[in-house]
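Everything below concerns the one structure shown next.
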Amino acid sequence: MNLEYELILRVVLSAILGGLIGLEREYRSKEAGFRTHYLVALGAALFMIVSAYGFADVQMTDAHRWDVSRIAAQVVSGIGFIGAGTIIFRKSENILSGLTTASGLWVVAAIGLACGGGMYTLAIVSTILVLAGFEAFNYFLSEFDKHMKS
């Protein structure tokens with residue numbers, strides 16, 4: 001497969017997987033929905049691709065080596081900043097909300113990085129696990145609520 005098509009596949013798959021998680025969040029009326037998760041996954045994949053392939057024409061020497069993991073590490077830091085913005089503590093009610101949304105954005109960024117790195121199976125399995133985790137969480141919470149009301 002032509003490298004350009006391979007890179008396009010990576011970005012498209014990343015956007016689809018992030019979008020699937022975002023659809024679940026949208027369905028549950030959470031703070032960050034389809035568009036946010038879609039964009040985070042797509043952006044993370046694009047950063048990974050640019051990191052790995054964007055500087056191929058730059059001459060490297062032993063004194064100047066290119067480390068493709070540096071941009072991926074910055075994606076992790078950047079998404080932490082976005083995720084922190086979704087976490088809210090309501091002191092009057094003593095409630096902390098947004099942690100699941102923040103961790104969802106964090107894992108979607110990781111899925112995007114995996115797609116950008118060409119690790120399709122890992123990204124797909126991770127997406128399935130995230131969706132299963134969200135559904136299991138909702139199931140156990142509803143069962144817990146039923147038990148508490150009885």
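A donor-acceptor pair under 3.5 Å is formed between the side chain of Thr127 and the backbone N or O of Ala123. Within the 3.5 Å criterion, the main-chain N or O of Arg10 finds no donor-acceptor partner in the side chain of Ser14.
Using a 4.5 Å heavy-atom cutoff, the side chains of Val40 and Trp106 are not in contact. Residues Val11 and Cys115 fail the side-chain proximity criterion, which asks for heavy atoms closer than 4.5 Å. In this structure the side chain of Ile79 reaches within 4.5 angstrom of the side chain of Ile82, judged on heavy atoms. Contact of the Leu9 side chain with the Tyr5 side chain is not registered, since no non-hydrogen atoms from C-beta on lie closer than 4.5 Å.
Leu129 and Leu99 fall into different hydrophobic clusters, defined by Ile, Leu, Val, Met, Phe, Trp and Tyr side-chain heavy atoms under 4.5 Å apart, directly or through other members. Linking ILVMFWY residues whenever their side-chain heavy atoms come closer than 4.5 Å, directly or via other members, places Ile16 and Ile8 in the same cluster. Cluster membership for Ile124 and Phe134, using ILVMFWY side-chain heavy atoms within less than 4.5 angstrom, is shared. No single ILVMFWY cluster, assembled from side-chain heavy atoms under 4.5 Å apart, contains both Ile87 and Val108. Put simply, Ile128 and Val107 are part of the same group of oily side chains (I, L, V, M, F, W, Y) that touch within less than 4.5 Å, one to the next.
Within 6.0 Å of CD in Glu143 there are more than 12 heavy atoms belonging to other residues, nucleotides or ligands. Few gaps surround CZ on Phe89; more than 12 heavy atoms of other groups in view lie less than 6.0 Å from it.
Between Ser97 and Arg90, the side chains place a donor N or O and an acceptor N or O closer than 3.5 Å (distance only, hydrogens not considered). With no hydrogens or angles considered, no side-chain donor-acceptor pair links Thr86 and Glu31 at under 3.5 Å.
Taking the charged nitrogens against the carboxylate oxygens, Glu24 and Arg28 do have a contact shorter than 4.0 Å, which makes a salt bridge.
Ile71 contributes atom CD1, which lies 12.0 Å from atom CD1 of Ile49 (distance to the nearest 0.5 angstrom). Leu46 CG to Leu7 CG: the interatomic distance, rounded to the nearest 0.5 Å, is 9.5 Å. Between Leu122 atom CG and Ser126 atom OG the span is 4.5 Å, to the nearest 0.5 Å. Atom OH of residue Tyr38 and atom CD1 of residue Ile21 lie 14.5 Å apart, to the nearest 0.5 angstrom. Going from atom NE2 of His37 over to atom CD1 of Ile111 covers 9.5 Å, rounded to the nearest 0.5 Å.
For the pair Arg25 and Phe34, the cation-pi criterion (under 6.0 Å, within 45° of the ring axis) is not fulfilled.
Leu113 approaches Ala44 most closely through the heavy-atom pair CD2-O, 3.5 Å.
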